Amino acid sequence: MTEKETPQTTNFIRDAIKEDLTKGRFTKVHTRFPPEPNGYLHIGHAKAICIDFGLAQEFGGKTNLRFDDTNPAKEETEYVGAIMEDIRWLGFNWEDRLFYASDYFEKIYEFAVALITKGKAYVDDLTADQIREYRGTLTQPGRESPFRNRSIEENLDLFSRMRAGEFADGAKVVRAKIDMSSPNINLRDPVMYRIIHKPHHRTGDTWCIYPMYDFAHGQSDSLEEITHSLCSLEYEDHRPLYDWFVQALGIYHPRQIEFARLNLTYTVMSKRKLLELVKGGHVKSWDDPRMPTLSAMRRRGYTPEAIRNFCERIGVAKRDSIIDMQLLEFCLREDLNKRVPRAMAVLRPLKVVIDNYPDIATEELDAINNPEDAAAGARKVPFSKVIFIEQDDFREIPPPKYYRLSPGTEVRLRYAYFITCVSVVKNPATGIVTEVHCTYDPATRGGDSPDGRKVKSTIHWVSAQHAVDAEVRLYDYLFKVPDPDNVSEGNDFKMHLNPNSLEILPTCKLEPGLALAAPGSIWQFERLGYFNADQFDSKPGKPVFNRTVTLRDTWAKIEKKS
RNA sequence: UGGGGCGUCGUCCAAUUGGCAGGACACCGGAUUUUGGUUCCGGGUAUCGGGGUUCGAGUCCCUGCGCCCCAGCCA
């Protein structure tokens with residue numbers, strides 16, 4: 001990542017790091033990104049990734065990728081590759097520092113032995129239900145387990161037999177001996193180890209006891225000499241425990257700092273809900289372009305630059321917030337505008353016959369590839385007597401402020417000619433206009449009129465005989481409301497699902513150059529938006545496009561107001 | 001109602017640590033334009049409430065209110 005991105009004012013984490021450096025608490029910055037391999041990464045993870053990698057980079061430090069794989073019941077190796085692909089795609093590099101919490105199982109086991117030996121941990125025989133009961137409530141203190149004061153020898157023996165597989169799942173756990181009356185529930189003798197007889201995606205059958213997050217994360221950070229362990233707000237209550245473990249163990253002590261996770265309007269971010277959308281068939285897959293997952297956004301045509309820039313702009317703070325989706329779209333358009341080539345495509349074709357144009361003539365007209373980038377050059381587009389224009393660009397009875405084609409008006413065909421509508425053909429049964437007849441002014445070839453005459457608008461078109469047929473998928477927000485998570489008692493976020501989040505247009509007409517659009521390539525269809533050839537479904541000669549995002553549409557706003 | 005955290009334009013983030021509350025997105029208006037795009041110019045709107053300290057408070061003190069998180073052998 002070398003390009004200059006929008007500079008942002010500082011944030012509290014950067015301030016904290018600077019202070020740690022000047023006061024000598026740390027002499028370097030080393031962070032980590034610790035995904036659990038149990039699902040796909042989404043835009044919320046992108047924020048965390050940008051913070052973890054970005055901040056380290058800024059201070060000349062490094063970032064480790066560490067899979068937090070302490071629970072074999074939930075994690076699968078299939079996700080590991082997908083997660084790495086997404087991080088790389090975003091533009092970050094962990095170099096040779098790929099780790100797994102499971103790499104440290106032996107060391108973490110030894111840490112537990114050390115705590116037991118110090119009398120700071122014990123083996124508990126209480127059942128899960130009993131532990132819950134003994135834990136007390138938010139307002140009432142807990143009670144100590146009857147097994148809390150076993151001898152160190154007995155604890156050591158039991159723990160090694162847990163490891164050896166002598167006990168069934170749930171029969172015993174190891175707990176830290178802290179304070180059952182702590183107002184912080186995390187400190188009421190938290191579970192450190194549990195028994196799970198299940199093969200682990202990396203360690204196989206080596207273990208049947210697995211450390212809990214709280215007993216693995218801080219120690220893993222410590223072993224990797226992480227300086228700043230950045231995580232989300234819900235871990236704030238865990239920080240005293242994080243600190244307690246590294247202190248009790250007397251090991252290198254990283255600093256945990258929490259920040260607010262990302263929320264976006266018109267979507268949901270929790271893995272559970274995303275999974276529900278996939279399983280319930282509300283979207284086609286994890287990478288359905290309507291999803292907020294990175295794989296879906298990639299498929300839809302989002303660029304890493306746009307996402308990184310977005311993450312920079314939203315800032316980092318501790319308050320819960322919901323970022324306006326329009327900011328994300330702004331970042332996307334800003335990036336795409338300056339880099340992607342333009343093309344003409346007609347999504348909902350309306351046939352136009354140019355009555356005074358020679359029947360069999362075809363000519364090649366010059367078109368600019370990107371007005372924002374002279375280096376992008378120009379191309380030729382074929383023109384002929386019969387063309388398609390957008391249905392939206394013709395109105396038999398134009399509403400106020402409508403500048404496009406209507407009977408008697410003259411408009412410019414982009415890069416071609418001025419045309420004037422002279423008549424229409426209707427389906428006698430429905431009254432719908434099926435064909436528009438126009439005359440053209442040969443003197444306006446290329447789109448300029450020698451007499452200086454002006455037209456109110458320029459519309460795009462595709463020559464009928466040269467057009468490439470294509471399917472185009474129009475995506476809209478997945479939800480109808482800005483905050484789908486906000487539902488009244490007894491209701492479900494799915495009630496806010498947008499039934500029109502996907503519209504498939506099977507009969508689009510593209511300019512011929514688009515026939516060979518490379519899968520994944522992104523284009524601006526002039527006046528419509530940005531579209532990319534679907535990386536899986538698009539084939540040379542049979543293109544399929546996804547609408548990445550529309551262009552800003554002033555006319556749509558005017559129309560909506562009236 | 002125990003503990004932890006958070007309250008600044010519609011939204012998100014700032015405010016040199018007590019000195020004229022600023023930026024971005026959104027919105028509204030205008031200019032330019034062979035994309036009703038881009039670009040450019042202009043505009044409005046905010047310190048949760050009540051007290052206090054101070055020449056001066058978003059910032060400090062007191063008090064009230066609201067929102068989020070925590071009672072997994074999940075992370």
Side-chain angles (χ1 to χ4, degrees), chain A residues 6 8-11 34-36 38 68-71 73-75 124 126-128 131-133 135-142 169-175 181-188 190-196 210 212-214 216-217 231-240 258 260 265 271 313-331 333-334 337-338 342 344 367-368 371-372 401-404 412-416 418 444 446-449 455-460 482 524-529 550-559:
Chain A
T6 308
Q8 169 80 19
T9 53
T10 192
N11 62 59
E36 183 187 13
N38 73 341
D68 219 329
D69 57 352
T70 56
N71 188 346
K74 302 179 65 172
E75 294 138 8
D124 195 353
L126 254 28
T127 66
I131 287 180
R132 185 180 317 116
E133 199 187 318
R135 186 154 32 224
T137 68
L138 294 178
T139 52
Q140 289 170 314
D169 285 12
K172 287 181 167 37
V173 292
V174 176
R175 302 176 70 180
S181 63
S182 171
N184 181 345
I185 289 180
N186 294 120
L187 263 20
R188 320 241 262 231
V191 172
M192 292 158 48
Y193 262 96
R194 66 312 202 177
I195 301 170
I196 304 174
Y210 294 92
M212 297 283 290
Y213 165 85
D214 284 310
H217 203 94
C231 60
S232 49
L233 251 27
E234 67 265 31
Y235 292 101
E236 233 156 2
D237 285 345
H238 293 248
R239 180 161 22 99
E258 312 84 11
T265 57
K271 273 183 199 169
R313 283 175 191 250
I314 58 177
V316 184
K318 296 193 73 151
R319 51 183 116 140
D320 292 312
S321 59
I322 305 180
I323 308 282
D324 195 333
M325 178 72 91
Q326 290 184 96
L327 177 59
L328 215 208
E329 294 181 338
F330 170 83
C331 293
R333 292 188 186 110
E334 179 184 52
N337 175 52
K338 60 190 185 206
R342 314 289 112 139
M344 290 198 285
I368 306 287
E372 306 296 319
K401 300 259 189 71
Y402 187 85
Y403 300 153
R404 281 108 96 146
R412 171 167 39 233
L413 293 176
R414 179 91 157 144
Y415 299 126
F418 284 14
T444 57
D448 281 311
S449 63
V455 288
K456 290 287 265 290
S457 85
T458 299
I459 65 175
H460 62 277
Q524 184 196 102
F525 290 175
E526 294 217 32
R527 302 207 307 131
L528 298 175
T550 61
L551 252 26
R552 271 187 62 214
D553 191 347
T554 308
W555 167 243
K557 271 182 206 163
I558 295 169
E559 211 180 13

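Just so it is clear: chains get the letters A, B, ... in the order the sequence lines come, proteins before strands, and each one is counted from 1. Keep in mind that this is a model prediction, so the values were computed, not measured.
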Main-chain N/O of [Y] paired to [X] side chain as donor or acceptor, under 3.5 Å:
X	Y	answer
Thr458(A)	Arg414(A)	no
Ser181(A)	Pro141(A)	no
Arg333(A)	Thr550(A)	yes
Arg188(A)	Ser182(A)	yes

Base, sugar-phosphate, or nothing: which does [X] touch, judged by heavy atoms less than 4.0 Å apart?
X	result
Lys338(A)	nothing
Tyr235(A)	base
Pro371(A)	base
Phe525(A)	nothing
Phe330(A)	sugar-phosphate
Arg239(A)	nothing
Lys318(A)	sugar-phosphate
Asn71(A)	sugar-phosphate
Leu138(A)	base
Thr127(A)	base
Arg132(A)	sugar-phosphate
Ile131(A)	base
Asn38(A)	nothing
Gln326(A)	sugar-phosphate

Query raised in the report: G72(B): syn or anti, with syn meaning chi within 90° of zero?
Result: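 Because its glycosidic torsion lies within 90° of 0, G72(B) adopts the syn conformation.
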
Requested in this report: Quick one: classify the glycosidic conformation of U32(B) as syn or anti, with syn meaning within 90° of 0.
Outcome: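 Anti conformation for U32(B).
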
To the nearest Å, give me how far apart [atom1] ([X]) and [atom2] ([N]) are.
X	N	atom1	atom2	value
Trp555(A)	U38(B)	CH2	P	18 Å
Asp237(A)	C6(B)	CG	C1'	13 Å
Arg342(A)	U35(B)	CZ	C1'	9 Å
Met325(A)	A26(B)	CE	C1'	14 Å
Asn337(A)	U35(B)	CG	P	13 Å
His238(A)	G72(B)	NE2	C1'	10 Å

Under a 3.5 Å cut-off for both contacts, is [N] paired Watson-Crick or G-U wobble with anything, and if yes, with which nucleotide?
N	result
U11(B)	A24(B)
C6(B)	G66(B)
U32(B)	none
U59(B)	none

**Report entry** Inter-residue atom distance Met344(A).CE - Leu528(A).CG, 0.5 Å rounding
**Finding:**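 Met344(A) atom CE to Leu528(A) atom CG measures 11.0 Å (nearest 0.5 Å).
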
Span that lies between the [atom1] atom of [M] and that of [N], in whole angstrom:
N	M	atom1	answer
G2(B)	G44(B)	P	46 Å
C68(B)	G50(B)	C1'	24 Å
A24(B)	U8(B)	C1'	15 Å
C73(B)	G4(B)	P	22 Å

Query raised in the report: Given that Gly447(A) and Asp324(A) both sit by RNA chain B, which one's nearest nucleotide is further toward the 5' end?
Result: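 Looking at RNA chain B, the more 5' nearest nucleotide goes with Asp324(A).
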
Report task. Specify the residue among Ile322(A) and Ala128(A) whose closest nucleotide of RNA chain B lies further upstream toward the 5′ end. Result ->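 Whichever sits nearer the 5' end wins; that is Ile322(A).
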
Query raised in the report: For Tyr213(A) and A75(B), do the ring centres fall under 5.5 Å apart while the planes stay under 30° apart?
Result: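 One would not call Tyr213(A) stacked on the A75(B) base.
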
**Report entry** Heavy-atom closest pair, residues Phe418(A) and Gly447(A)
**Finding:**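 Between these two residues, the closest heavy atoms are CE1-O, 3.4 Å.
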
Taking only the side-chain heavy atoms of [X] (C-beta and beyond), determine which of [options] contains the nearest atom.
X	options	answer
Val173(A)	G37(B), C73(B), G5(B)	C73(B)
Asp68(A)	G72(B), G36(B), A75(B)	A75(B)
Asn11(A)	A14(B), A24(B), G37(B)	A14(B)

Query - Option among Glu526(A), Arg527(A), Arg342(A) that satisfies the side-chain hydrogen bond (donor to acceptor under 3.5 Å, both in side chains) test with His460(A) - result: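 Exactly one option meets the side-chain hydrogen bond (donor to acceptor under 3.5 Å, both in side chains) with His460(A), and it is Arg527(A).
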
Query raised in the report: Does a distance-only test, which skips hydrogens and angles, find a donor-acceptor pair under 3.5 Å between the side chain of Glu372(A) and the base of G37(B)?
Result: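 Pair found.
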
Query raised in the report: Has the side chain of Arg552(A) got a donor or acceptor atom sitting under 3.5 Å from an opposite partner on the base of U38(B)?
Result: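 Donor-acceptor pair under 3.5 Å: no.
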
Requested in this report: May I ask you to decide if the ring planes of Trp555(A) and Tyr402(A) are parallel, tilted or perpendicular, using 30° and 60° as cut-offs?
Outcome: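 Rings of Trp555(A) and Tyr402(A): perpendicular, over 60°.
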
